[in-house]
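Shown next, in C-alpha cells, is the structure this report addresses.
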Amino acid sequence: MRTRTVATLAVVLTALLLAPAAPAAAHNSLQAATPAQDARLTAAPTTVTLRFAQRLNPEFTTIVLSDADRRKVPTGAPTVDGTAGRVTIDGPLPNGAYTVAYRVVSADGHPVQGSYRFTVADPTAPTPPAEAGTAGTPVGADAASPASAAGNGDTGPPVALIAGGLVAALAVAGTALLLLRRRRAA
Ligand SMILES: [Cu+2]
C-alpha cells in the first residue's frame with residue numbers, strides 16, 4: 001500500500017514537472033504570417049506581416065528580416081495594428097532564403113520570440129551577385145552555403161562530424177595500442 005502511494009506521488013510529481021507551465025497557454029503566439037512559414041515565393045515580397053493571438057504592444061514588437069548569410073535586410077520600423085505587426089522591406093529582395101525573427105510581448109508582459117524561414121525564387125529575377133561570384137571562385141566556405149540555405153544555418157554539424165571522427169580515430173588507435181601492449185606483456 002505504502003509503496004503504491006509513493007509511486008503514485010512520484011508519477012503525479014513527474015507529471016507536474018513535465019507539464020508545460022500553465023501561464024504558457026496565456027502567452028502570445030504567432031497565428032499566421034505573410035510570407036508564410038517555409039513558403040517558396042515566385043515573386044519577392046515587399047512586406048512581412050505577422051498576426052498574433054493577442055494584441056501587440058507597439059513599443060515591444062520587433063520584426064527582423066535577415067538573409068541566408070544572416071545579414072539584416074533593411075526594413076522600416078514595425079507598425080502594429082491590433083494583433084498584427086508589419087514591416088515594409090526597403091529594397092527589392094533578391095532570390096534566396098530569408099529568416100523572419102520576431103519578439104513580442106504577451107498580455108501578461110512576458111516576451112515571446114520565434115523565427116521562421118521563407119525562400120524567394122523568382123524565375124525572372126537576375127542571379128544575385130553573391131551567387132554568381134560563388135559559382136566561379138573556389139572558396140572553401142562556399143561548400144556550406146547550400147546546406148545553410150536548405151536547412152539550419154549552422155556550420156556546426158560538419159565541425160562536429162570532424163571532431164567526432166577524430167575522437168573515434170583516437171579511440172581506435174588507443175584500443176589498438178592497448179591490445180598490442182597486452183599481447184607483448186603476455
Ligand atoms: Cu507569462
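All heavy atoms count here, side chains included; hydrogens, waters and symmetry mates do not. Along the sequence shown, residues carry numbers from 1.
In the hydrophobic cluster analysis, where Ile, Leu, Val, Met, Phe, Trp and Tyr join through side-chain heavy atoms closer than 4.5 angstrom, Phe52 is grouped together with Val80. Leu30 and Val112 end up in the same hydrophobic cluster when Ile, Leu, Val, Met, Phe, Trp and Tyr side chains are linked at under 4.5 Å. In this structure, Ile63 is a member of the same hydrophobic cluster as Phe118, with clusters built from ILVMFWY side-chain heavy atoms closer than 4.5 Å. Leu93 and Val64 are not part of a single hydrophobic cluster, where members link through side-chain heavy atoms under 4.5 Å apart.
Gln54 contributes no side-chain N or O that, together with a main-chain N or O of Val105, makes up a donor-acceptor pair within less than 3.5 Å. Judged by distance alone, with hydrogens and angles left aside, the side-chain atoms of Ser106 form a donor-acceptor pair with the main-chain N or O of Asn28 at under 3.5 Å. Gln37 places no side-chain N or O within donor-acceptor distance of the main-chain N or O of Tyr116, the cut-off being under 3.5 Å. At distances below 3.5 Å, not a single donor-acceptor pair connects side-chain atoms of Asp69 with backbone N or O atoms of Arg71. For the pair Asp122 (side chain) and Ala44 (backbone), a donor-acceptor distance under 3.5 Å is absent.
For the atom pair Asp67 CG and Lys72 NZ, the distance stands at 11.5 Å (nearest 0.5 Å). Here the straight-line distance linking atom OH of Tyr102 with atom CD of Gln113 works out to 9.0 Å at 0.5 Å rounding. If you take OG1 on Thr46 and CG on Asp90, they are separated by 11.5 Å, rounding to the nearest 0.5 Å.
When every heavy atom of Pro123 is checked against every heavy atom of Thr42, the shortest pair comes out as CD-O, 3.7 Å. Listed here is the closest heavy atom pair of Arg55 and Thr83: N-CG2, 3.8 Å.
Each of Leu65, Val100, Val48 was scored for a side-chain contact (heavy atoms from CB on, under 4.5 Å) with Val73, with one residue passing: Leu65.
Remark: Arg40 pairs with no residue by the side chain to side chain donor-acceptor pair (under 3.5 Å) rule, at least two apart or across chains.
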